[in-house]
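Lettering follows sequence order; numbering is per chain, from 1.
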Amino acid sequence: MSLVVESIAKRFDRFPALKGVSFSAPKGCFLALLGPSGSGKTTLLRILGGLEFAEAGRVKFEDIDWLSLPARDRRAGFVFQQYALFRHMTIAKNIAFGLEVRGRRHRPTRAEIARRVEELLSLVQLEGLGKRYPSQLSGGQRQRVALARALAIEPRMLLLDEPFGALDAKVRKELRHWLRHIHDKTGITTVFVTHDQEEAMELADLVAILNQGSIEQIGTPADIRRAPASEFVADFIDSNAQVRPDPVVAIFEPRSARG
Amino acid sequence: MSTNLTDRGSTRPRGATDDHPLARTILIALGACFIVLFLVLPLVTVFAQALKNGVAAAMDSIVEPDALSAIKLTVIAAGIAVPLNVAFGLSASWAISKFDFRGKSFLITLIDLPFSVSPVVSGLVYVLIFGMQGWFGPYLREHDIKIIFALPGIVLATMFVTFPFVARELIPLMTDQGRDEEEAATSLGASGWKTFRRVTLPNVKWALLYGVLLCNARAMGEFGAVSVVSGHIRGQTNTMPLHIEVLYNDYQFVAAFAVASLLALLALVTLAVKSFLEWHYADEIAAIHKH
Ligand SMILES: Nc1ncnc2c1ncn2[C@@H]1O[C@H](COP(=O)(O)OP(=O)(O)O)[C@@H](O)[C@H]1O
Ligand SMILES: [Mg+2]
């Protein structure tokens, strides 16, 4: 197991947002953190990204004591729900940012950076838009820029917080497949936060279901669907399905976690 | 299309938020009257009085040694006070908008203090602290440091009065922008300093510039607080506003208005520069605010 999370706890003003969360995932795994709003998904993801600090617990990633690394040294690509693109920079500058802020010794040459930016623009299918500003793009395009920007630093881990939450249903579906495709191509260990069970079940190798700061169940989508560990899990994956009766879920084939 | 609509304005059904045409006309007329009476007219008067005896006379009273010394002192005081206020204003806004800490709302109230306290009072406070009879008086005398009735006192008083301008421009904007972009920068490996220089600062540069312009205009024009701490030594501790008052009290009206017109000019230039920047960088400013 490459990502091992042990008893992570976090309170906000005495309110327990995470009550001792533990799980592990293999290298290169696509893990979905699924749960209702307020269950602590974002908090857990931000702790993994170094943007929030755990009160108790440990995280080991590729045999590194992950939480002792400052955020800027983790090389964890973070994708925010509201994109968080640098608004005063062009798309190309946004993508290049992580490379340009490196210390002189580790910074690629200007030509090398330009080449990387072109490569990433084509990976996220935004060729030719490098000179635009974020405000000139659609939501779906912005989120693809955000992903390209996170990928530019060759992240050890990819963290996505409801990246498609602000997009309409059609774009969401397209981006979902495209994200999985990119994951398979790069093989980066990915943690994906969502409150949409369909999205989680369709995308992920492993799904961890959070409720009120605790993990209710972790397993492959097929396992969870076959044997929900609690009434909450059964209700949660069921109620969502009723809202959106989509045959895609039924014919989905379980993917084995690689690594 | 829009001209068509206005041409046939009378046939267009009135929208819920549209006022009665008469009400609109009256409001606009009132506004225009007010602006002419209270803003344009005084400004015109300043220049008219200054040029009453011709351009040469006005120029003479500006290049006269005491006037030159006042101009120099004003520029020096603003030149020190404004950069310091930019540094303090930026740090305060940064702390307030990007971090949560106890006493934050108290700090915000405190920043507004100079606006609510009479400048004369703030000047007196500095005299009380740094004056010869003040708290630090004996210490300062012993070490031969002069603050009151000297440049340091003038700079301190100016800084106090103009402190809110930069912070007030920045806090709402920076709060509105949140810390997402800074967090993104950090996770991409940027140090605190690089994040500030490459993300935070560019995002607020127009508000900052506007704050600096206002701060500078006010710093050069400050009268009350500076009047208390300066000591009014002609040719030494008189700033432009103080020099104007001295001239005016001496019945040297042309000279007083000639120097005053420099301050008025500063105000006009400030407005012009601001308008020019807003016009020239409209796209970029819109991109920063929209997003
Ligand atoms: N900065 C914060 N201050 C106070 N409470 C917070 C903060 N962040 C999150 N919380 C609380 O912690 C709980 C979990 O939040 P979050 O991790 O954002 O949930 P989710 O992402 O699953 O919706 C919520 O009840 C939320 O109100
Ligand atoms: Mg969340």
Toward chain B, the part of [X] with a non-hydrogen atom under 4.5 Å:
X: A:F97; result: side chain
X: A:A150; result: backbone
X: A:A71; result: both

Measure the spacing between CZ of A:F86 and CG of B:N203 and express it to the nearest 0.5 Å. 9.0 Å
From CG (A:L51) to CD (B:E182), nearest 0.5 Å: 11.5 Å
[atom1] ([X]) with more than 12 external heavy atoms under 6.0 Å:
X: B:F88; atom1: CZ; value: no
X: B:K98; atom1: NZ; value: yes
X: A:R110; atom1: CZ; value: no
X: A:R75; atom1: CZ; value: yes
X: B:K104; atom1: NZ; value: yes
X: A:D63; atom1: CG; value: no
X: B:F34; atom1: CZ; value: no
X: B:F106; atom1: CZ; value: no

Under 4.5 Å heavy-atom distance to chain A, tell me which part of B:R198 shows up: side chain, backbone, both or neither. both
Between A:E100, A:R149, A:M89, who has the most heavy-atom pairs with chain B when the cutoff is under 4.5 Å? A:R149
Considering only heavy atoms, give the residues of residues 185-196 of chain B separated from chain A by less than 4.5 Å, sorted numerically, with 'none' for an empty result. B:A185, B:T186, B:S187, B:L188, B:G189, B:A190, B:S191, B:K194
A:H88 side-chain N/O to B:T200 backbone N/O, donor-acceptor pair under 3.5 Å: no
Do you know which two heavy atoms are closest between A:A84 and B:A184, and how far apart they sit? O-CB, 3.9 Å
Which pairs pass salt bridge (Lys or Arg N to Asp or Glu O under 4.0 Å) with one or both residues in residues 79-93 of chain B, sequence neighbours excluded? none
